[in-house]
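Note that ligands are numbered from 1 as they come in the structure, with each ligand's atoms numbered from 1 the same way.
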Amino acid sequence: MKAVISPKELAYAIGVSESSLKRWTDEGLIKASRTAGGHRRIAVPDAIRFIRNTRTLLVHPEVLGLSDVETALADESAAETDTDRLFAYLRDGKAPEARGLIMSRYLAGDSLAEIFDGPVRDVMHRLGKLWRHDETGIMLEHRATDICIQAVQQLRATLQVPRGAPVAVGGAPPKDPYLLPSLLAAACLAGEGYHAVNLGPETPLESLRQAAEETNARLVWLSISVNARPDQLRIEIAALAEALRERGARLMIGGEKSAGVKLPAAYENTLFGRSMAELVAFGRGLLAAPTGQAGTTPG
Ligand code: B12
């Protein structure tokens, strides 16, 4: 993805006249800065925000450095639904097509949570059902996971998180090797304006606590796809919840195996969620709550 483009380039990319584009920047519809010579320049994340908000068709994605989108759009062998297409791309290791398809949904206005709870989740679950965990299955699952990670990183690169943004920290617990769920959570929270720090799989909960303390995090997420040691995990989560409560921070727990976690007590700063949509709603509510009220339930 490019960093900045000119109004002329963006005009060509979305199929409008350069004069219209310049007028929109002057009216503040598209954020633009000026070069030392006085020429307008548009940051690509701002161009993408405009395209999403106005549901504008991106005719020439390559101008924004999004050639994957062009590749996906040009695929004539494509299956009928986007989910079926994504499934075929991930199964067959077609990384540019998969990245392009996911990016095209985002450009068309789908939220990150909609994409992750929808096609990404559906397709990964389908892949899991299709193969036994033999060498071939593992190869396909690792490859599909890696392609999804590339797509998520591309989406994240279009987000601008301001300096001084509130921090969210998260990961998956020890013995849990799953990369994608925690990464999706980080991307969703970045989309909500958090500085999201993803510690990833196999993270000791004490490390999560330390990271939350060091960064003064308002929100901690925990993604559980494997609950191999339930008794130990529930004790460690209880200790984390307690430590976060003292700091006025909140804990949200989710993931395929989170439903099996029975905490020894109820913690008013801790809740369980099943989807990225729920995480986004919670994170958004927390930002809307007055600072210092991290312990209250967001609306
Ligand atoms: C990829 C994969 C692997 C890869 C992981 C690669 C990696 N490093 O990430 C590898 C090959 C390593 C692997 C290994 C194994 N796997 Co595996 N794997 C999968 C697969 C296909 C996809 C997982 C994934 O990324 N899902 C995508 C995410 C997006 O979906 P999700 O986790 O449901 O997340 C959604 C929600 O839960 C929620 N969410 C997630 N986190 C959070 C957090 C918060 C805070 C909130 C609010 C919400 C939330 O939002 C997400 C989006 O909607 C699944 C299939 C499946 N059902 O998921 C099997 C699956 C999980 N694996 C399974 C198995 C059996 C195994 C192995 C035991 C196989 C073996 N015999 O070795 C090992 C165990 C590994 C271990 N150490 O424990 C089974 C589990 C069955 C069970 N009942 O427990 C599954 C379901 C496949 C199947 N149908 O049999 N696996």
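Of all non-hydrogen atoms in Val69 and Ser104, the two that sit nearest each other are CG1-CB, 4.0 Å. Here the shortest heavy-atom pairing between Ala32 and Ile42 reads CB-CG1, 4.0 Å.
Within the 4.0 Å heavy-atom criterion, both parts of Tyr178, backbone and side chain, lie near ligand 1. Contact annotation: for Leu179 versus ligand 1, heavy atoms closer than 4.0 Å belong to both the backbone and the side chain. The proximity of Lys257 to ligand 1, defined as any non-hydrogen pair under 4.0 Å, is limited to the side chain. Counting heavy atoms under 4.0 Å from ligand 1, residue Leu184 touches it through the side chain alone. Residue contacts with ligand 1, taken as heavy atom pairs separated by less than 4.0 Å, involve Asp117 via backbone and side-chain atoms alike.
Taking a cutoff of 4.0 Å between a charged side-chain nitrogen and a carboxylate oxygen, Arg229 and Glu236 qualify as a salt bridge. For the pair Arg40 and Asp26, the salt-bridge criterion is met [side-chain N within less than 4.0 Å of a carboxylate O]. Using a cutoff of 4.0 Å between basic side-chain nitrogens and carboxylate oxygens, Asp146 and Arg143 are not scored as salt-bridged. Between Glu268 and Arg245, at least one side-chain N (NZ, or NE/NH1/NH2) sits under 4.0 Å from a carboxylate O, which counts as a salt bridge.
Atoms CD1 and CG, from Ile48 and Leu107 in turn, are 6.0 Å apart once rounded to the nearest 0.5 Å. Taking CG of Leu244 as the start and CD of Glu242 as the end, the distance is 10.0 Å to the nearest 0.5 Å. Between the CZ atom in Arg99 and the CG atom in Leu66 there is a gap of 11.0 Å [rounded to 0.5 Å].
Remark: among candidates Gly128, Gly170, Ala172, Gly255, the nearest residue to atom 39 (N) of ligand 1 is Gly255, based on non-hydrogen atoms.
Considering both main-chain and side-chain atoms, Pro177 comes within under 3.5 Å of ligand 1 through a nitrogen or oxygen pair. The N/O atoms of Lys129, backbone and side chain alike, include none that comes under 3.5 Å of an N/O atom in ligand 1.
Checked by atom type, the side-chain pair Asp84/Thr81 shows a donor-acceptor distance below 3.5 Å. With no hydrogens or angles considered, no side-chain donor-acceptor pair links Thr83 and Asp122 at under 3.5 Å.
Distance check for Ser225 against atom 17 (Co) of ligand 1: none of its N/O/S atoms falls below 2.8 Å.
With ligand atoms numbered from 1 in the order given, ligand 1 contributes 43 (C), 45 (C) to contacts under 4.0 Å with heavy atoms of Leu222. Atoms of ligand 1 found under 4.0 Å from any heavy atom of Val226 (numbered from 1 in listed order, with element): 78 (O). Taking a cut-off of under 4.0 Å to the non-hydrogen atoms of Phe116, the atoms of ligand 1 that pass are 52 (C), 53 (O). Taking every heavy atom of Met252 and a limit of under 4.0 angstrom, the matching atoms of ligand 1 come to 45 (C). Per-residue contacts place Glu256 under 4.0 angstrom from the following atoms of ligand 1 (heavy atoms of the residue considered): 31 (P), 32 (O), 33 (O), 37 (O), 57 (N).
Looking from atom 30 (O) of ligand 1 to the surrounding protein, the closest heavy atom is His125 NE2, 3.4 Å. Looking only at protein heavy atoms, the nearest one to atom 32 (O) of ligand 1 is Pro181 CG, 3.5 Å. Nearest protein heavy-atom neighbour of atom 85 (C) of ligand 1: His133 CE1, 4.6 Å. Of all protein heavy atoms, the one lying nearest to atom 12 (C) of ligand 1 is His142 NE2, 3.6 Å. Among protein heavy atoms, atom 10 (C) of ligand 1 sits closest to Glu141 OE1, 4.0 Å. In terms of protein heavy atoms, atom 6 (C) of ligand 1 is closest to Thr145 OG1, 3.9 Å. The shortest contact between atom 46 (C) of ligand 1 and any protein heavy atom is with Gly254 CA, 3.5 Å. Looking only at heavy atoms of the protein, atom 51 (C) of ligand 1 is closest to Met276 CE, 3.9 Å.
Counting non-hydrogen atoms of neighbouring residues, nucleotides and ligands closer than 6.0 angstrom, the CD atom of Glu18 exceeds 12 such neighbours. Summarising the local packing, CD of Glu27 is surrounded by more than 12 heavy atoms from other residues, nucleotides or ligands at distances under 6.0 Å. By the 6.0 Å contact criterion, NE2 on His125 is enclosed, its count of non-hydrogen atoms from other residues, nucleotides or ligands being greater than 12.
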Checklist line | Intermediate values then yes/no, side-chain contact (heavy atoms from CB on, under 4.5 Å), Trp221 and Asn198 | finding: CA-CA 9 Å; Trp221 77 86; Asn198 177 28; 3.9 Å; yes
Next item on the list: I would like to know whether Ser111 and Val280 meet side-chain contact (heavy atoms from CB on, under 4.5 Å); could you show each step before the answer?
Entry: CA-CA 10 Å; Ser111 71; Val280 162; over 6 Å; no
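Inside a 4.0 Å radius of atom 15 (C) of ligand 1 there is at least one protein heavy atom. Protein non-hydrogen atoms do not reach within 4.0 Å of atom 68 (C) of ligand 1. Within 4.0 Å of atom 25 (O) of ligand 1, at least one protein heavy atom is present. For atom 81 (C) of ligand 1, the protein comes within 4.0 Å by no heavy atom at all. There is no protein heavy atom closer than 4.0 angstrom to atom 54 (C) of ligand 1.
In this structure, Val120 falls outside the shell of residues with a heavy atom less than 4.0 angstrom from ligand 1. Contact annotation: Glu278 has no heavy atom less than 4.0 Å from any atom of ligand 1. A heavy-atom separation below 4.0 Å is not found between Asp176 and ligand 1. Residue Ser275 places a heavy atom less than 4.0 Å from ligand 1.
Relative ring orientation between Trp24 and Phe50 is described as tilted, the plane-to-plane angle lying within the 30° to 60° band.
A continuous path of hydrophobic side-chain contacts links Leu73 to Val63 [ILVMFWY only; heavy atoms under 4.5 Å].
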